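Worksheet for the structure shown next.
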2 protein chains.
Amino acid sequence: MQLEQIVMSLRDEGHRITPQRIAIMDYLLHTKDHPSADQVHSVVRKRYPMTSLSTVYKTLDLLREKKLVNEIEVWGEARFDAQVDEHINLVCLNCGNIEDIDEKALKNIQAKIAKKSDYLIIKGSFEMHGYCSKCKTEFQ
Amino acid sequence: MQLEQIVMSLRDEGHRITPQRIAIMDYLLHTKDHPSADQVHSVVRKRYPMTSLSTVYKTLDLLREKKLVNEIEVWGEARFDAQVDEHINLVCLNCGNIEDIDEKALKNIQAKIAKKSDYLIIKGSFEMHGYCSKCKTEFQ
DNA sequence: TATTTATTGATAATGATTCCTATTAACAAT
DNA sequence: ATTGTTAATAGGAATCATTATCAATAAATA
Ligand SMILES: [Mn+2]
Ligand SMILES: [Mn+2]
Ligand SMILES: [Zn+2]
Ligand SMILES: [Zn+2]
């Protein structure tokens, strides 16, 4: 997804385009990190020092509503993922680094569950926890 | 797992067996709910009014360390699951109810990922979010 | 029964997130 | 280009689940 398209679709829906929103969206679109709200704030601040943490939270909310970012929780903290296609997040129990893994078998499982269960399924979230390549030696 | 076995194993490791711990373990072993710490506290209190929330938190921590309960996060709140075998938790987006689904294909996927990735995998957690049978009519 | 010390309970501290509100600024209309 | 409307922002307070602190209590063991 391109920044320009997102900007246009937001404008279409009557949202205003602000430098803060552009800065936040631009960062999310170009990082493979899965940053927390605070990390987003720190990074965006370097270029646009007038951005407040409140605004970061509200912008992330807006982007989540528009399904432009995905939100996952790690250790009681929200982490944001610009990759919105269904995938598996590998979370490092030591450093908190998150890596994406695509696994097509996921879709099959989800479809099966959706049929089997009484629930009206909206979305799935699959995480695996362990130690990343950098950390696993420390914990052998 | 039986209460008696758990009690013995805790005692073996030098932990003291208190009425509070027994009450908490007993409740978790016999419910299919996925209660929050606060819910555990409320329920246990009816039988053992001398149980504090602090103790509930500390006991849940202990049980998690011993891998006797599993912890998942829903809406920034921890929920505890006495079912520790790998399974899928269906979370209702409206009422917060959680239902278990067994899916043997999960193990295959996890094994595959463990090989494919650089991570040393410790555990997986798979959730699906939607509306339960009671709530889905309201949201059509 | 006395001793040891893990556990408890009450409450303060923490920290991520949400709420509040005066001020600012995007943008449509003039 | 200017104005008016009102969405958006900044920043500080409030919220609330969880963790930390520590004096009092009670399991375990001899
Ligand atoms: Mn991801
Ligand atoms: Mn479960
Ligand atoms: Zn790591
Ligand atoms: Zn429901």
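This is a predicted model, so every value here is computed, not measured. Chain A is the first sequence line, chain B the second, and so forth, proteins listed ahead of strands; every chain is numbered from 1.
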Could you tell me which residues satisfy side chain to side chain donor-acceptor pair (under 3.5 Å) with [X], sequence neighbours excluded, listed by chain and number?
X         : result
Ser117(B) : none
Glu73(A)  : none
Ser125(A) : none
Glu13(A)  : Lys66(A)

request  = Check whether any side-chain N or O of Arg79(B) sits under 3.5 Å from a backbone N or O of Asp33(B) as a donor-acceptor pair, and report yes or no.
outcome  = no

Side-chain donor/acceptor pairs under 3.5 Å, residues 18-28 of chain A, sequence neighbours excluded:
{"unit_1": "Thr18(A)", "atom_1": "OG1", "unit_2": "Arg21(A)", "atom_2": "N", "d": "3.1"}
{"unit_1": "Arg21(A)", "atom_1": "NH1", "unit_2": "Arg16(A)", "atom_2": "O", "d": "3.0"}
{"unit_1": "Asp26(A)", "atom_1": "OD1", "unit_2": "His30(A)", "atom_2": "ND1", "d": "3.2"}

Whole-Å distance between [N] [atom2] and [X] [atom1]?
X        : N       : atom1 : atom2 : answer
Tyr48(B) : dT8(C)  : OH    : C1'   : 17 Å
His41(B) : dT18(D) : NE2   : C1'   : 14 Å
Leu60(B) : dT8(C)  : CG    : C1'   : 15 Å
Trp75(A) : dA17(D) : CH2   : C1'   : 18 Å
Arg21(B) : dA6(C)  : CZ    : P     : 11 Å
Ile22(B) : dT7(C)  : CD1   : P     : 14 Å

task = Between protein and nucleotides 17-22 of chain C, map the contacts as a letter string: B base, S sugar-phosphate only, - none, heavy atoms under 4.0 Å, written 5' to 3'.
result = BBBB--

Can you tabulate the close N/O pairs, meaning under 3.5 Å, that link protein atoms to atoms of nucleotides 23-29 of chain C?
{"unit_1": "dA26(C)", "atom_1": "N3", "unit_2": "Arg16(A)", "atom_2": "NH1", "d": "3.3"}
{"unit_1": "dC27(C)", "atom_1": "OP1", "unit_2": "Arg11(A)", "atom_2": "NH1", "d": "3.1"}
{"unit_1": "dC27(C)", "atom_1": "OP1", "unit_2": "Ile17(A)", "atom_2": "N", "d": "2.9"}

Of all pairs that satisfy salt bridge (charged side-chain N to carboxylate O under 4.0 Å, His left out), the ones with a partner from residues 42-61 of chain B, not counting sequence neighbours = Asp61(B)-Arg64(B)

query = What residue pairs, at least two apart or across chains, pass salt bridge (charged side-chain N to carboxylate O under 4.0 Å, His left out) with a residue in residues 104-123 of chain B?
reply =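 Residue pairs with at least one partner in residues 104-123 of chain B: Glu103(A)-Lys112(B), Glu103(A)-Lys116(B).
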
request  = Evaluate the side-chain contact (heavy atoms from CB on, under 4.5 Å) criterion for residues Asn89(B) and Glu99(B): first the C-alpha distance (whole Å), next the side-chain angles of each, then the deciding distance (0.1 Å), finally the verdict.
outcome  = CA-CA 6 Å; Asn89(B) 286 298; Glu99(B) 205 167 283; over 6 Å; no

remark   = Going by chain and number, the hydrophobic cluster around Met8(B) (ILVMFWY, side chain to side chain under 4.5 Å) further includes none

Hey, what are the protein-to-nucleotides 13-15 of chain D N/O distances that come in under 3.5 Å?
none

ask   = If you look only at pairs with a residue in residues 108-128 of chain A, which of them pass as a ring pair (Phe, Tyr, Trp, His ring centres under 6.0 Å), with sequence neighbours excluded?
value =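 Every ring pair (Phe, Tyr, Trp, His ring centres under 6.0 Å) pair that includes a residue of residues 108-128 of chain A, provided the two are not neighbours, is Phe126(A)-Phe126(B).
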
